[in-house]
Protein chains: 4
Amino acid sequence: MSSSSSAPATGPATARGQRTRNKLLAAAETVFGDMGYERASIVEITRAAGVAQGTFYVYFPSKKAVFVELVWELNRKLRRSLRAATDALVDPDRFELERVGALTFLRFVQEHKDLYRIVRQAEFVDEELFREYYRELSAGYRRGLEQSMDKGEIRRFDPEALVYMLMGILDFVGMRWVLWENELPSEAVIEDMVRFIRDGLRRREGEDG
Amino acid sequence: MSSSSSAPATGPATARGQRTRNKLLAAAETVFGDMGYERASIVEITRAAGVAQGTFYVYFPSKKAVFVELVWELNRKLRRSLRAATDALVDPDRFELERVGALTFLRFVQEHKDLYRIVRQAEFVDEELFREYYRELSAGYRRGLEQSMDKGEIRRFDPEALVYMLMGILDFVGMRWVLWENELPSEAVIEDMVRFIRDGLRRREGEDG
Amino acid sequence: MSSSSSAPATGPATARGQRTRNKLLAAAETVFGDMGYERASIVEITRAAGVAQGTFYVYFPSKKAVFVELVWELNRKLRRSLRAATDALVDPDRFELERVGALTFLRFVQEHKDLYRIVRQAEFVDEELFREYYRELSAGYRRGLEQSMDKGEIRRFDPEALVYMLMGILDFVGMRWVLWENELPSEAVIEDMVRFIRDGLRRREGEDG
Amino acid sequence: MSSSSSAPATGPATARGQRTRNKLLAAAETVFGDMGYERASIVEITRAAGVAQGTFYVYFPSKKAVFVELVWELNRKLRRSLRAATDALVDPDRFELERVGALTFLRFVQEHKDLYRIVRQAEFVDEELFREYYRELSAGYRRGLEQSMDKGEIRRFDPEALVYMLMGILDFVGMRWVLWENELPSEAVIEDMVRFIRDGLRRREGEDG
DNA sequence: CATGAATGAGGCTTCATTCAT
DNA sequence: GATGAATGAAGCCTCATTCAT
């Protein structure tokens with residue numbers, strides 16, 4: 001019977017296959033990161049992976065397919081990082097969570113610069129994919145913020161608005177320092193950011209919600 | 001500068017020439033906005049402009065050239081809008097400026113959805129152009145914020161950090177509502193945003209700067 | 001306005017354009033005839049036409065498109081030839097028409113060997129195109145045969161059956177001699193063919209229809 | 001012949017080997033019939049056969065090789081069918097033979113639509129193979145017709161011409177009804193065909209050969 | 001001034017075939 | 001005896017750009 005006909009072009013599941021697939025994925029990450037989706041070519045990717053051009057199509061049905069996979073990989077990895085970092089905290093308040101979350105995010109960007117740049121291109125590769133990326137990412141964040149509002153830790157906001165504002169801050173800080181300067185923001189910058197967020201979130205004296 | 005003969009393909013300076021050039025520019029804006037830089041083609045642009053293919057090269061030396069020009073045009077227009085809106089205010093404080101600036105930005109995005117998407121692509125067309133765009137945009141904003149700090153209206157921040165955080169907020173709110181929902185954010189969202197920014201900026205009691 | 005957006009990729013209508021288009025069409029005819037549709041390549045066609053590869057797509061939207069055009073061109077030419085030949089006859093009976101039609105067909109094949117082979121491939125390029133080809137070709141033939149039946153010149157047959165039998169005879173004779181031997185069938189063969197058809201059509205004594 | 005060691009990739013001669021080979025052959029028949037020679041792929045064939053891609057080359061040296069084998073298989077089967085059908089007749093005259101031969105052919109086509117389409121493609125895979133197919137098929141037919149002429153059962157014809165005309169009739173009737181309508185021609189059509197052939201063959205009164 | 005036919009490099013993808021396991 | 005991962009040549013098509021008119 002062999003593998004009949006249903007395999008969705010994910011490529012051989014053998015050990016060797018896994019290795020090749022990973023080489024390809026890593027190469028694609030680098031190449032897309034360097035040259036952008038459109039200018040990246042399959043030849044370039046396979047050359048970087050050290051395999052023949054045709055090998056690419058053993059593992060991925062199309063150029064777009066690797067890209068999409070990469071985007072989701074980043075999404076998963078990032079969420080996992082954030083969850084790990086915050087789960088490690090003992091009885092944290094919202095402000096602690098924001099500080100740790102921000103730092104984790106920036107470090108993640110630093111370690112996955114290519115992947116990060118890939119997301120930024122998704123908008124032009126597949127609009128819906130791009131939105132899905134943020135929807136997915138914001139969902140958990142938003143839940144946490146809503147809980148904090150319910151607990152009265154922070155002021156009440158339209159949760160969707162709040163989550164996008166916070167993501168916007170992180171995105172731009174990540175872009176400005178990690179991507180452009182190729183380094184984590186200085187202590188001072190981080191401190192300013194955390195303080196700005198904290199004060200923005202905090203209930204004012206005399207407020208009831 | 002002047003109208004010597006070396007300017008590379010800026011096109012005839014006659015009135016008719018100006019008209020053609022503008023048609024081309026407008027067409028390029030639409031087409032780049034619709035299909036993205038890479039997928040947009042010169043034929044598409046010239047067809048939309050109602051001129052022959054070759055005419056394009058009378059006015060612009062390359063595809064990239066129109067794109068760059070478009071980016072700067074957006075930049076200029078946006079800064080002009082912002083300046084106009086804030087100049088109209090009588091003796092405004094920082095918070096008033098932020099509110100008006102935010103609204104102006106969002107309305108601008110609404111009217112220039114194409115140009116907005118164009119900027120976001122600049123990152124992959126010409127990294128430096130993209131950074132320049134934000135450097136230019138942030139310069140004036142930053143000056144204003146520094147003055148407010150000096151006056152003690154708002155807390156002291158690393159000005160670069162502050163300006164990118166604020167741009168990040170606006171960018172994401174504009175994206176989430178104006179681009180994705182195709183409408184201005186609701187009053188509630190705007191209000192939350194303005195309040196978040198205001199509280200983030202405000203000096204805490206007892207602080208001295 | 002130029003040529004706005006409706007031109008169905010038929011290429012420039014200028015004199016120069018017509019010339020190029022014809023070169024391309026002629027080259028395609030030869031190449032498809034020589035190597036068959038699938039093995040023929042656009043490079044081969046453009047090389048034979050003496051133009052650049054890209055020029056092909058100025059005139060035809062796809063490989064298949066030229067092919068289809070070629071098929072219909074053959075169809076038209078063949079029908080025109082047959083009509084011309086039979087129209088020239090003065091008060092012909094069915095048998096005279098068959099003789100002249102057969103000869104005309106065979107001569108046509110001899111002069112259009114490429115196009116002839118092209119039709120035979122249509123079956124594998126586009127099944128429906130292939131059937132349309134025969135439907136179109138048989139329509140006029142069939143009308144003539146029906147008239148002859150009505151006049152009582154020939155026996156009554158299911159007209160569709162008759163027309164396909166006659167086309168089958170001609171097709172195979174054309175294949176066997178014109179294509180394979182590269183010459184018109186001998187007088188003897190032609191005579192046998194005409195006689196066979198005549199006797200097959202003729203009413204037997206004592207029949208009434 | 002024999003089972004020495006030089007036969008190029010005919011595959012293992014064991015029972016299991018035979019089974020695999022037949023699965024491959026059957027799969028190839030279906031796939032070539034469905035998609036045509038050029039569009040059919042080895043992967044498709046091996047998948048349909050339920051074996052690994054590489055296995056194909058254990059049994060056949062190339063894609064073309066299976067195809068050629070399939071063509072000859074059809075040829076053999078068809079001739080065997082025809083022989084069986086006519087051998088069963090008791091002291092038949094030419095007209096009876098033609099009627100039975102025609103019916104047998106049409107039924108064969110109906111049961112082997114795949115193989116039928118395969119032959120029609122042979123022309124573009126290997127011209128010589130295609131001609132050989134008809135030469136082989138016509139050889140026996142022609143001998144029978146010559147005998148009938150010698151016996152005076154039918155009029156004298158150039159035998160090659162006659163045999164190709166008759167094959168042409170059958171080919172087109174098979175195509176028009178069995179392939180296109182997916183059904184045997186109606187009684188009426190069959191009757192017209194048999195009558196047309198009979199009258200075409202028959203000696204006219206007063207003829208002597 | 002403008003045109004638009006022509007170019008040719010380069011991109012994505014398919015697939016027959018090989019060969020180490 | 002069978003496998004299936006890998007190969008790389010080749011195909012169709014797109015498009016920015018040039019240049020003769």
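Each chain gets a letter, A, B and so on, in the order the sequences are listed, and its residues count up from 1.
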Between atom [atom1] in [X] and atom [atom2] in [N], what is the gap in whole Å?
X      : N       : atom1 : atom2 : result
R21(B) : dC1(E)  : CZ    : C1'   : 15 Å
R19(A) : dA6(F)  : CZ    : P     : 9 Å
R47(A) : dT7(F)  : CZ    : P     : 15 Å
L24(D) : dA16(E) : CG    : P     : 13 Å
M35(A) : dG10(E) : CE    : P     : 12 Å

Salt bridge or not between [X] and [Y]? Use side-chain N to carboxylate O under 4.0 Å.
X      : Y       : value
R21(A) : E69(A)  : yes
E73(C) : R76(C)  : no
E29(A) : K113(A) : no
E38(A) : R39(B)  : yes

For the atom pair CG (L25(A)) and CD1 (I45(A)), what is the distance rounded to the nearest 0.5 Å?
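With rounding to 0.5 Å, CG (L25(A)) is 10.0 Å from CD1 (I45(A)).
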What's the separation between atom CG in L70(A) and atom CG in L74(A), rounded to the nearest 0.5 Å?
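One gets 8.5 Å once the value is rounded to the nearest 0.5 Å.
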So among V51(A), I42(A), V43(A), which one has a side chain to side chain contact (heavy atoms under 4.5 Å, CB included) with F56(A)?
I42(A)
So, is [X] close to the [N] phosphate, meaning a side-chain N or O under 4.0 Å from OP1 or OP2?
X      : N      : answer
T20(D) : dG1(F) : no
R16(C) : dG4(E) : no
Y59(B) : dA2(E) : yes

Secondary-structure stems, DNA chain E, at least 3 Watson-Crick or G-U base pairs under 3.5 Å
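Listed by first number, the stems are E:2-21 with F:2-21.
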The single option from K64(A), R131(A), K63(A) passing salt bridge (charged side-chain N to carboxylate O under 4.0 Å, His left out) against D126(A):
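Testing each of K64(A), R131(A), K63(A) against D126(A), the sole residue satisfying salt bridge (charged side-chain N to carboxylate O under 4.0 Å, His left out) is K64(A).
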How does each nucleotide of nucleotides 11-21 of chain F score, in 5' to 3' order, for protein heavy atoms under 4.0 Å: base (B), sugar-phosphate only (S), or none (-)?
-SBB-SBB---
Measure centre to centre between the rings of F67(B) and F32(B), then say whether the value is under 6.0 Å.
yes
